[in-house]
Amino acid sequence: MSMEGQSSFPWPGVGTSTRQPSHLRPGARGSDRAGAECSAGGSAALVLHREGQALRLVGEVDLATCHTLITALDALVAKGTGDVVLDCSGVTFFGAIGVDAIVRASDRLDSSRRLAIRNPSPIVRRVLGIVHLSEQFVDAPDDAHHSTGD
């Protein structure tokens, strides 16, 4: 099947009336927030709060903001110890570039470490489910880690 002439990937189960990220909506403006953020051309900010080996993400993960996430992930991967944990409870948009960032970061971790997503917002859970990565990245409660999968 040829992809010529197609402007975007047709995500399964996603209708044509999906919500646009705020930076693509007419009249959208970046906001003034404290923390590490990226605002490109009126894009909504992505704010990262670092807590040890954990990052709490707030905002939209898209093409305009993803370099902020990539830079933070690179630093945590380079640190060389412990799991890398992303708290995604405050993520309001999660594009394919965000999926790419977490997969690449995970691939750079040695076998004693993992990348885990805690508290995924509904959009993060949906996107990871669509690309069949929920089981790999979404962190289960402690008592479910050793489940036999009845």
Side-chain angles (χ1 to χ4, degrees), residues 8-25 28-40 42-150:
S8 65
F9 180 77
W11 288 95
V14 176
T16 57
S17 63
T18 57
R19 182 188 77 77
Q20 282 186 320
S22 65
H23 71 281
L24 297 178
R25 291 191 291 265
R29 298 177 57 191
S31 61
D32 297 322
R33 298 183 195 173
E37 67 179 82
C38 170
S39 281
S43 174
L46 173 63
V47 181
L48 304 179
H49 302 277
R50 186 167 174 182
E51 300 159 359
Q53 280 291 98
L55 286 176
R56 186 167 49 92
L57 285 63
V58 179
E60 297 183 355
V61 179
D62 59 18
L63 190 58
T65 64
C66 196
H67 72 279
T68 303
L69 174 60
I70 291 169
T71 300
L73 285 171
D74 286 347
L76 291 176
V77 168
K79 186 174 178 184
T81 59
D83 290 344
V84 174
V85 178
L86 301 179
D87 179 328
C88 293
S89 58
V91 174
T92 57
F93 179 84
F94 194 70
I97 193 81
V99 174
D100 183 65
I102 64 170
V103 168
R104 288 177 185 258
S106 177
D107 287 348
R108 292 192 320 268
L109 294 172
D110 66 48
S111 62
S112 69
R113 302 171 71 199
R114 66 185 281 259
L115 189 146
I117 295 178
R118 291 203 180 127
N119 307 315
S121 66
I123 189 64
V124 172
R125 186 174 295 283
R126 182 173 183 205
V127 170
L128 291 177
I130 289 169
V131 296
H132 304 286
L133 291 175
S134 294
E135 287 187 26
Q136 180 176 348
F137 291 114
V138 175
D139 201 23
D142 289 336
D143 59 345
H145 279 294
H146 302 290
S147 168
T148 57
D150 299 346

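Sequence positions, counted from 1, serve as the residue numbers for this chain. Every heavy atom of this structure was used, including side-chain atoms; hydrogens, water molecules and symmetry mates were not.
Contacts classified as salt bridge (charged side-chain N to carboxylate O under 4.0 Å, His left out) and involving residues 92-106 (residues at least two apart or in different chains) are given here: Asp100-Arg104. Judged as a salt bridge (charged side-chain N to carboxylate O under 4.0 Å, His left out), not a single pair has a partner in residues 85-95 (not counting sequence neighbours).
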Let me have the donor-acceptor pairs involving side chains of residues 69-83, under 3.5 Å, with sequence neighbours excluded, atom names and distances please.
residue	atom	partner	partner atom	Å
Thr71	OG1	His67	O	2.9
Asp74	OD1	Arg108	NH2	2.5
Asp83	OD1	Arg114	N	3.0

Taking only distance into account, with no hydrogens and no angle test, what donor-acceptor pairs under 3.5 Å do side-chain atoms of residues 128-136 form with protein atoms, sequence neighbours excluded?
residue	atom	partner	partner atom	Å
Ser134	OG	Gly129	N	3.2

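Note that CG of Leu57 and NE2 of His49 are 9.0 Å apart. Values are rounded to the nearest 0.5 Å. Annotation: the span from Arg118 atom CZ to Leu55 atom CG amounts to 12.0 Å, rounded to 0.5 Å. For the atom pair CZ (Phe94) and CD1 (Ile102), the distance works out to 4.5 Å, reported to the nearest 0.5 Å.
Taking both residues in full, the closest heavy atoms of Thr65 and Ala45 are given as CG2-C, 4.5 Å, listed atom of the first, atom of the second, then distance. Considering all non-hydrogen atoms of both residues, Ser89 and Ser121 come closest at O-CB, 3.8 Å.
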* For the pair Asp139 and Val85, evaluate side-chain contact (heavy atoms from CB on, under 4.5 Å) and give the outcome as yes or no after the intermediate values. => CA-CA 9 Å; Asp139 201 23; Val85 178; 5.7 Å; no
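Under the 4.5 Å side-chain criterion, counting only non-hydrogen atoms from C-beta, Ile123 is not in contact with Thr92.
In this structure a side-chain-to-backbone donor-acceptor pair under 3.5 Å is missing from Ser106 to Leu115.
Checked against side-chain hydrogen bond (donor to acceptor under 3.5 Å, both in side chains), Asp107 has no partners two or more places apart in sequence or in another chain.
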